[in-house]
2 protein chains.
Amino acid sequence: MRRRAPTLEDVAREAGVSRATVSRVVNGIRNVDPEIRDLVRRAIERTGYAPNRAARSLVTRRAETVALVVSGAGDTTDAGQNAFAARVFADPFFGRVVGGVVGFLRPRSLHPVLMFAESDDARDEVLTYLRQGRADGALVVSTHAEDPLPALLAEARLPAVLFARPSRPVPLSYVDLAHRDGGRLAAEHLLGRGCRRLATICGPLDVPASQERLAGFRDALARHGHPYVPVTEGGFTLDSGVAAMSELLERHPDTDGVFAANDLMAQGACQVLRERGRRVPEDVAVVGFDDSTVAVTSRPRLTTVRQPVEEMAAEMARLLDEHILGARTEATSVVFEPELVVRESA
Amino acid sequence: MRRRAPTLEDVAREAGVSRATVSRVVNGIRNVDPEIRDLVRRAIERTGYAPNRAARSLVTRRAETVALVVSGAGDTTDAGQNAFAARVFADPFFGRVVGGVVGFLRPRSLHPVLMFAESDDARDEVLTYLRQGRADGALVVSTHAEDPLPALLAEARLPAVLFARPSRPVPLSYVDLAHRDGGRLAAEHLLGRGCRRLATICGPLDVPASQERLAGFRDALARHGHPYVPVTEGGFTLDSGVAAMSELLERHPDTDGVFAANDLMAQGACQVLRERGRRVPEDVAVVGFDDSTVAVTSRPRLTTVRQPVEEMAAEMARLLDEHILGARTEATSVVFEPELVVRESA
DNA sequence: CGGATATGGGAGAGCGCTCTCCCGCCGAGG
DNA sequence: CCTCGGCGGGAGAGCGCTCTCCCATATCCG
């Protein structure tokens, strides 16, 4: 049988002071006589005391924990629950989100608990988790547009911040990117290097980000005298990029520049292009989006529109923290600017 | 001001029973008169009651949470803390681990909190977290051989299970792969398709898994009359694969078969090979290891030794659960068998 | 020198839950 | 008829912490 862990009471007895005094030393609240403070510190050292968090949480009503939720759409059965997790992390995007979030949370001794909300049951679980006070709030990254989770969270008045603007308005804070500007950047770069017969592989059109990237790309083209551009819709996966590029090439064999709405699809496009004997970027220039790790690891290295995911994720965590602390009550939005990163593919 | 959440007491009053009875209904413990049970259930429904976890944890001494720790080596300053996170998830391996772990935990209402232990401070944090009872145990995935965390965990007698055998013995349970068999599989496949001038890019030699993969590869070769094989050490990253393959090619330009100790390095090797005018697999066959997503996404698709990471991760979670429940007190090990997956590269 | 004002420690009431007792009621058996 | 289990509900004692009071002592000013 493991020995009972030392409590505040034990430390107090050891140091010859009251429980309250030890608590003050531990939490650094109110002045404590330096001599007594050291006395207590030594007692803590000797006993190997670690404050019981459940007891603290019970009275402070704070878990010092946030839920990091990756949320899918629809009512997928939870048959593929861990497949979902694997799929999610196959996209390097989420690794960057985690990095950014942890970067903010850690210095504040907050901890992220990972949750997947790809089914109705799973969403319920997230809600219950928060209502039980196991986490103080939620950071939500949706993989689909029609994700019902944000609305549920808002309705339950639980603190939450979203990555990306939800497709239908919800009174929650979110961080986002100026996707339209990103599309414009891609267009201008392709035009600048002499491409004239452009095409684009856009993301799922029910996702606001996809719409915006496409709109920005089109607008910029229109402003430079290109009123029409062939579009094929992809699903942000490598395979969909392959399929889209194949189709595009069939319809427009003379394409000399492609904008893909993310790097994974750009990578797929490059593969198809090479297989069909096109050189990238000499024959066809390709611009991706995100600046994820594949942009650097795939060959040729991708010219891409950088999304500062880590900073965005950190900001998301910061907003949530403010909401939790009550320092912010109204929902807000923070929009970041994209940046073109030129490598080999365009 | 948010209204106070309903408590057990509130539900009890609402249903006209005692707190204990409501608790019995909530936890499904002991028989409760069906009529009263329904009465209570309706009261719970009406009040929107969700049991406060801190209060429950306080008395049950269980957090229903496990720490999922990605642990690095040495005493890296925490300057690159979120870079570490991003780097970790850049390897698709971790996504699979997460998937496997969540697959086991979720049906049991256990939750993983993500922690990174790449510095001494971070390791301390993990230990404290567990000692505070915020998590009931730890699942540890080390990225380096000389990771001090397992020893610290064992010393503190905290429940923990490792992914992969630690390089120095520690009284903790772990799951692992029969890496030696994996090396053998790769060797036999390359020999079987007619390769005769083989070479290998091994992993960091202070990692037991790397040593074993290499040993298995060499043994099998020796058994087939190939006493010597050129070896270059890599670091499990794409770049190190590129560097290793370049060096190998310089020393042995006639190489016709390569075994890389993971897929990322195999991908790097393929890139170099192509750049130097070698066709893969016609001129040089390449076998990877892991069967990660890059095995499918890179071109050519990689022939590789499959590591059943998801099952291994699930088993790791299962072992931890047993340790936490006290159903298992002695450390144990579970070793999985690898499997060859033939695709295009060999 | 008395009283007002800091300053710092102690006492104790909870936070919301679980769980061990205990007690009342029932049917069965002597 | 009485006793004796068994069943199901209630009472209440904590779990380990925080935090508000309250009180003792030290400090300063009129």
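Side chains included, hydrogens not; waters and symmetry mates left out as well; all remaining heavy atoms used. Each chain gets a letter, A, B and so on, in the order the sequences are listed, and its residues count up from 1. None of the values given here were measured: they were computed from a predicted structure.
With sequence neighbours left out, the side chain to side chain contact (heavy atoms under 4.5 Å, CB included) criterion links B/D136 to B/R62, B/A63, B/I324. Annotation: salt bridge (charged side-chain N to carboxylate O under 4.0 Å, His left out) contacts of A/R19 (sequence neighbours excluded): A/E9. With sequence neighbours excluded, the residues satisfying salt bridge (charged side-chain N to carboxylate O under 4.0 Å, His left out) with B/E14 are B/R46. Scanning for salt bridge (charged side-chain N to carboxylate O under 4.0 Å, His left out) contacts around B/E64 gives an empty result, with sequence neighbours left out. Here B/R168 pairs with B/E146 under the salt bridge (charged side-chain N to carboxylate O under 4.0 Å, His left out) rule; sequence neighbours left out. With sequence neighbours excluded, the residues that form a ring pair (Phe, Tyr, Trp, His ring centres under 6.0 Å) with B/Y129 are A/H111. For A/D124, the side chain to side chain contact (heavy atoms under 4.5 Å, CB included) criterion is met by no residue, not counting sequence neighbours. The side chain to side chain contact (heavy atoms under 4.5 Å, CB included) check on B/R318 picks up B/F104, B/E315, B/E322, with sequence neighbours excluded.
Heavy-atom nearest nucleotides on DNA chain D were determined for A/S23 and for B/V59, and the one closer to the 5' end corresponds to B/V59. Comparing B/A54 and B/I29 against DNA chain C, the residue whose closest nucleotide sits nearer the 5' end is B/A54. In terms of position along DNA chain C, the nucleotide closest to A/A20 lies nearer the 5' end than the nucleotide closest to the other residue of the pair B/L58 and A/A20.
Enclosure of atom CD1 in A/I29 is not indicated, since only 12 or fewer non-hydrogen atoms of other residues, nucleotides or ligands lie within 6.0 angstrom.
In 5' to 3' order, the nucleotides of DNA chain D bounding all contacts with chain B (an atom under 4.0 Å from a heavy atom) are D/dG8 to D/dG16.
Rounded to 10°, the helix from C/dC1-D/dG30 to C/dG30-D/dC1 has 60° between the axis fitted to its first five pairs and the one fitted to its last five.
Residue-level contact check: A/R61 touches the backbone only, with heavy atoms under 4.0 Å from sugar-phosphate atoms and none from bases.
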Any N/O pairs under 3.5 Å between the protein and nucleotides 6-9 of chain C? List them or say none.
residue, atom, partner, partner atom, Å
C/dG8, OP2, A/N31, ND2, 3.3
C/dG8, N7, A/R30, NH2, 3.3
C/dG9, OP1, A/D33, N, 3.0
C/dG9, N7, A/R30, NH2, 2.6
C/dG9, O6, A/R30, NH1, 3.1
C/dG9, O6, A/R30, NH2, 2.8

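Pairs passing the side chain to side chain donor-acceptor pair (under 3.5 Å) check and including a residue from residues 49-59 of chain A, sequence neighbours excluded, read A/N27-A/R56.
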